[in-house]
Amino acid sequence: MSNDTRGTEPDSKDTEPDTTPESTESDQADADAATTPVTEDSDEFETRRSPALIATAVALPIALIVGLLVMGVLANRHHSRDPLALGAVPAPGASSKECSALMTALPDKIGDYTTSDLVAPAPAATHAWQLPDGGDPIVVRCGLDRPQEFNKASSTNQIQTAKAIGKDQGVNWFELRDPTSGVTSGTYWAVDRGTYIAVTTPDKAGATPLQDISAAIQQTIPQQAMDPNPLPN
């Protein structure tokens, strides 16, 4: 028996190589991506929503800041001045029907001046106006005594209103002021109504206070002849 087995061993050269392609990690990733559905929780959806979310986040703080600023302006507008304290002066006619009618007819606003709150107890038949930030007021008092300085030698100035009432063409005012005092307000007395009315007004307010108050006086208190004090000895 022969032990030669060379003719029966397989030849390595005749072995066919395995040509089946091996799958790679990139191919598997592509397959996973193709089979994964896109939902609202995906990164793509979050990316589309982010501009709207950012805009909302920015808009809310701005709206809050604007609201606070507006509230601050309104608060300052309504609380920028304190009630006005006015001292009492002799006013025997303050409770008369003429003064009551005049107080009702006075305007709430004179130019930029608006009605002021008065510290209680406020003098009777008294009204005042101030600028929004306070400062020197316009003050009207009704029912006062005749001023001692008003005499037959005194000059008056008539303020004519837009509408004459019969022969009443306007209100005659007597100005009481010391020109050497350097004060920036003047006091004027209506001296042709039988009851005396004093108006103190800042010079910077112009002629509007006397014009508006003259119109209210003319509508409520009939004109009378002036009755000045006699000339001093």
Side-chain angles (χ1 to χ4, degrees), residues 81 83-132 134-152 154-177 183 185-229:
R81 66 188 188 196
L84 185 64
L86 295 178
V89 298
S95 59
S96 65
K97 62 179 182 180
E98 289 84 6
C99 287
S100 296
L102 175 60
M103 292 296 110
T104 302
L106 290 171
D108 293 330
K109 185 177 182 181
I110 297 179
D112 294 329
Y113 291 73
T114 56
T115 295
S116 299
D117 293 329
L118 302 180
V119 174
T126 303
H127 196 101
W129 301 262
Q130 281 182 293
L131 291 172
D136 293 337
I138 302 167
V139 179
V140 58
R141 299 174 185 263
C142 184
L144 307 182
D145 288 322
R146 178 176 55 194
Q148 294 183 354
E149 295 83 358
F150 177 57
N151 57 52
K152 293 184 178 180
S154 300
S155 60
T156 61
N157 180 34
Q158 186 182 73
I159 300 295
Q160 295 184 344
T161 59
K163 182 179 180 181
I165 301 176
K167 294 182 179 180
D168 187 353
Q169 301 296 318
V171 180
N172 286 284
W173 294 91
F174 164 65
E175 181 180 3
L176 183 58
R177 182 203 293 254
V183 297
S185 295
T187 299
Y188 303 82
W189 297 73
V191 293
D192 63 349
R193 301 291 144 168
T195 184
Y196 291 92
I197 303 159
V199 175
T200 300
T201 178
D203 295 340
K204 65 181 181 181
T208 302
L210 286 183
Q211 291 173 344
D212 290 356
I213 296 171
S214 292
I217 292 173
Q218 194 173 6
Q219 292 171 8
T220 55
I221 304 178
Q223 190 176 47
Q224 295 185 22
M226 288 184 286
D227 184 24
N229 290 313

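Index from 1, following the sequence.
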Just how far is it from atom OG of S154 to atom CD of E175, taken to the nearest 0.5 Å? 11.5 Å

Is K204 close to L131 at the side-chain level, that is, under 4.5 Å between some pair of heavy atoms? yes

Does the pair Y196 and V191 meet the rule for a side-chain contact (heavy atoms from CB on, under 4.5 Å), with working shown? CA-CA 6 Å; Y196 291 92; V191 293; 3.9 Å; yes

Nearest 0.5 angstrom please: I110 CD1 to T201 OG1, how far? 7.5 Å

Are the side chain of W129 and the backbone N or O of P107 linked by a donor-acceptor pair below 3.5 Å? yes

List the atom of Q158, the atom of Q169, and the distance in Å for their closest heavy-atom pair. OE1-CB, 4.1 Å

Please confirm whether the backbone N or O of P147 pairs with a side-chain atom of N229, one donor and one acceptor, at under 3.5 Å? yes

Please report the interatomic distance CZ(R193) to CG(N172), rounded to the nearest 0.5 Å. 8.0 Å

Could you check if a side-chain atom of W173 sits within less than 4.5 angstrom of a side-chain atom of S214, using non-hydrogen atoms only? yes

Side chains of L118 and P83: closer than 4.5 Å at any heavy-atom pair? no

Here the gap from D168 atom CG to T161 atom OG1, rounded to the nearest 0.5 Å, amounts to 7.0 Å

Give the minimum heavy-atom separation between C99 and A94, together with the two atoms involved. CB-O, 3.5 Å

Would a 4.5 Å heavy-atom cut-off, applied to side chains only, mark S116 and R81 as touching? yes

Dump the intermediate steps for side-chain contact (heavy atoms from CB on, under 4.5 Å) on L84 and D117, then the final yes or no. CA-CA 6 Å; L84 185 64; D117 293 329; over 6 Å; no

Any W189 side-chain heavy atom under 4.5 Å of V199 side chain: no

Please report the shortest heavy-atom distance between P202 and P137, naming the atom on each side. CD-O, 3.4 Å

Is it true that a side-chain atom of R177 and a backbone atom of T187 form a donor plus acceptor pair closer than 3.5 Å? no

For the side chain of R141 and the backbone of I197, is there at least one donor-acceptor N/O pair under 3.5 Å apart? no

Taking the side chain as everything from C-beta on, heavy atoms only, tell me whether F174 gets closer than 4.5 Å to M226. no

Quick check: closest heavy atoms across L106 and A216, and the distance to 0.1 Å? CD2-CB, 4.0 Å

Euclidean distance, H127 NE2 relative to L102 CG, rounded to 0.5 Å: 10.0 Å

List the atom of P90, the atom of L144, and the distance in Å for their closest heavy-atom pair. O-CD2, 3.5 Å

Judged by atom type as modelled, is there a donor-acceptor pair below 3.5 Å linking the side chain of T104 to the main-chain atoms of S100? yes

Quick one: does any side-chain atom of S185 pair with a main-chain N or O of T200 as donor and acceptor, under 3.5 Å? no

Answer yes or no: are there more than 12 heavy-atom neighbours, outside D112 itself, under 6.0 Å from its atom CG? no

For I159 and L210 the tightest heavy-atom approach is CG2-O, 4.0 Å

Expected output: side-chain Q130 to main-chain G135 donor-acceptor under 3.5 Å: yes

Stepwise, does the side-chain contact (heavy atoms from CB on, under 4.5 Å) test hold for Y113 with T208? CA-CA 10 Å; Y113 291 73; T208 302; over 6 Å; no

Would you please say whether a donor-acceptor pair under 3.5 Å links the side chains of T195 and R146? no

If I take atom CG from residue D192 and atom CD from residue Q218, how far apart are they, to the nearest 0.5 angstrom? 9.5 Å

